[in-house]
Amino acid sequence: MIRVIITGAKGRMGQALVACAKNFRDLEVVAQVDKGDDLPVAIGGADVVIDFSDHAVTAGITGLCARHKKAIVIGTTGHSKEEQAEIIALKTKVPMVWASNFSTGVNTLFWLTRKTAEILGPDFDLEVVEMHHRMKKDAPSGTAKTLAEILAAARKQSLDQVARHGREGIVGARTSTEIGVHSIRGGDVVGDHTVIFANNGERLELTHKASSRDTFANGALRAALWVVGQKPGLYDMQDVLGLK
Ligand code: NAD
């Protein structure tokens, strides 16, 4: 039996994780931790922490896992560059699965996006559009960032140099190198992502729409079962699904 702690347990994803975990025979949720609860006390009784809380606390939670030799699954998004570096520095000490999106469909979209960019080549204009519920705090979504990173990597570009976040005013003609990234917020949308490949005379769009948080929760729980017993290192959902 794999013993799991969920951090961010009272949140939308935390609640989905607690509910979905009941369907996993080999996994037991031993503690539900939210703001104000004592993770350092609870961690001794667990094999793995699943974190869907807040970007500011992920590095501290990962450090605690490293000190206690526990694995971690990170679903939280919105980390700054400094926070990301702090987490990545711990990869030699703790096995961690870190994914901006745990759904099988989105991980297939990642694969398709890479393949499509390679096939269509540099003549197509690339844009990523995402929509999420009105309560989402970070923008663009972690998944949209991953999609844009995949597109930039396929063109051997640095995303920092080519990302174009929204447009307003007299922005002039689109350059051939930029990768547009656009965030829409509203209602209770769980998560929609579209990658647009546009050329003269034709346009290809790849779209994924999540209608239930259970898809992310089930993926994260699957990752938790997988990561326990792995060597310290930074893994993603493509590793868990064997897509690499
Ligand atoms: P939410 O706001 O509903 O829940 C976050 C929870 O974390 C809250 O209950 C909050 O009290 C708690 N929290 C804050 N600080 C904490 C701390 N120090 N210790 C423990 N708990 C703490 O948000 P949500 O919609 O559940 O999303 C949570 C995160 O997961 C976000 O970053 C979101 O973008 C991300 N997310 C990732 C995926 C994925 O597949 N990777 C999918 C959906 C959401």
Side-chain angles (χ1 to χ4, degrees), residues 4-21 29-43 46 48-65 70 72-80 83-84 86-87 96-110 130-147 149 181 183-193 208-224 226-227 234-241 243:
V4 178
I5 293 178
I6 294 164
T7 51
K10 288 186 181 157
R12 283 173 288 261
M13 275 307 301
Q15 289 300 294
L17 284 156
V18 170
C20 290
V29 176
V30 293
Q32 299 180 28
V33 173
D34 208 280
K35 246 184 213 163
D37 297 328
D38 201 343
L39 180 60
V41 166
I43 199 161
V48 54
V49 172
I50 303 180
D51 176 54
F52 280 78
S53 59
D54 186 89
H55 65 92
V57 298
T58 309
I61 293 171
T62 311
L64 194 68
C65 287
K70 309 295 181 186
I72 184 162
V73 172
I74 302 171
T76 306
T77 64
H79 303 99
S80 66
E83 289 164 350
Q84 284 176 21
E86 245 185 285
I87 298 162
M96 57 173 105
V97 178
W98 190 1
S100 59
N101 197 303
F102 281 93
S103 99
T104 310
V106 162
N107 280 276
T108 308
L109 175 65
F110 290 159
E130 57 103 340
M131 179 165 187
H132 281 82
H133 54 91
R134 62 168 74 95
M135 305 300 286
K136 184 163 177 62
K137 291 179 191 142
D138 54 316
S141 70
T143 305
K145 280 188 203 165
T146 303
L147 288 165
E149 275 160 12
V181 185
S183 298
I184 303 169
R185 294 289 173 265
D188 61 355
V189 176
V190 171
D192 295 356
H193 293 89
H208 178 273
K209 296 187 180 191
S211 49
S212 164
R213 287 186 178 82
D214 290 3
T215 185
F216 311 127
N218 284 320
L221 291 160
R222 186 168 165 181
W226 181 88
V227 75
L234 176 59
Y235 305 99
D236 62 20
M237 202 51 193
Q238 312 265 314
D239 293 301
V240 176
L241 295 173
L243 289 174

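Order of appearance sets the numbers: ligands from 1, and atoms from 1 within every ligand. These numbers were taken from a predicted model, which means no experiment stands behind them.
At a 4.0 Å heavy-atom cut-off, ligand 1 touches F102 through backbone and side chain alike. Under 4.0 angstrom from ligand 1, the non-hydrogen atoms of V57 all belong to its side chain. With a 4.0 Å cut-off on non-hydrogen atoms, S103 does not touch ligand 1 at all. Residue contacts with ligand 1, taken as heavy atom pairs separated by less than 4.0 Å, do not involve S141 at all.
Here the OG1-CE distance, from T108 to M237, works out to 10.0 Å after rounding to the nearest 0.5 Å. For the atom pair T146 OG1 and L109 CG, the distance stands at 10.5 Å (nearest 0.5 Å). Going from atom CG of L64 over to atom CG of D51 covers 11.5 Å, rounded to the nearest 0.5 Å. Rounding to the nearest 0.5 angstrom, the gap separating the CG atom in N107 from the OG1 atom in T143 is 9.0 Å. From M13, atom CE reaches atom CG of D214 across 8.5 Å, with rounding to the nearest 0.5 Å. Here CH2 of W98 is found 14.5 Å from CG of D239. Values are rounded to the nearest 0.5 Å.
For ligand 1 and T76, the ligand atoms under 4.0 Å from any heavy atom of the residue are 30 (O), 32 (O). Within ligand 1, the atoms closer than 4.0 Å to a non-hydrogen atom of K136 are 34 (O), numbered from 1 in the order shown. Atoms of ligand 1 lying under 4.0 Å from at least one heavy atom of A99, given by number and element, are 41 (N). Short contacts between ligand 1 and G8, defined as distances under 4.0 Å to a heavy atom of the residue, involve ligand atoms 6 (C), 7 (O), 12 (C), 20 (C), 21 (N). Near K137, meaning under 4.0 Å from any of its heavy atoms, are these atoms of ligand 1: 2 (O). Below 4.0 Å from some heavy atom of G75 lie the following atoms of ligand 1, by number and element: 30 (O), 35 (C), 36 (N), 37 (C), 38 (C), 39 (C), 41 (N).
Counting only heavy atoms of the protein, atom 38 (C) of ligand 1 lies nearest to F52 CE2, 3.5 Å. Counting only heavy atoms of the protein, atom 32 (O) of ligand 1 lies nearest to T77 N, 3.0 Å. Nearest to atom 23 (O) of ligand 1 among the protein's heavy atoms is R12 NH2, 3.7 Å. K35 CG, 3.8 Å is the protein heavy atom nearest to atom 16 (C) of ligand 1. The closest protein non-hydrogen atom to atom 27 (O) of ligand 1 is M13 CG, 4.2 Å. Of all protein heavy atoms, the one lying nearest to atom 11 (O) of ligand 1 is D34 OD1, 2.5 Å. Atom 39 (C) of ligand 1 has as its closest protein heavy atom S100 O, 3.4 Å. The protein atom (non-hydrogen) at minimum distance from atom 4 (O) of ligand 1 is G11 CA, 3.2 Å.
By the 4.5 Å heavy-atom criterion applied to side chains, H79 and H55 are counted as neighbours.
Residue R213 has no nitrogen or oxygen atom sitting less than 3.5 Å from a nitrogen or oxygen atom of ligand 1, judged on distance alone.
Residue-ligand proximity: Q15 is placed with every non-hydrogen atom at 4.0 Å or more from ligand 1.
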Report, one line per pair, each donor and acceptor closer than 3.5 Å where one atom sits in a side chain of residues 32-40; sequence neighbours left out.
from: D34; atom 1: OD2; to: A9; atom 2: N; distance (Å): 3.4
from: D34; atom 1: OD2; to: K10; atom 2: N; distance (Å): 2.8
from: D37; atom 1: OD2; to: D34; atom 2: N; distance (Å): 2.7

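Between F102 and F52, the ring planes lie tilted relative to each other; the angle falls in the 30° to 60° range.
Residue E130 forms a salt bridge (charged side-chain N to carboxylate O under 4.0 Å, His left out) with just one option from R185, K136, K209, and that option is R185.
Here the shortest heavy-atom distance to atom 29 (C) of ligand 1, taken over G142, S53, G14, belongs to S53.
Heavy atoms only, all atoms of each residue included: T215 and A210 are closest at CG2-CB, 4.3 Å. Summarising the geometry of R213 relative to A16, their closest heavy-atom pair is CB-CB, 4.0 Å, with the distance given to 0.1 Å.
Between the side chain of T76 and the main chain of S53, a donor-acceptor pair closer than 3.5 Å is present.
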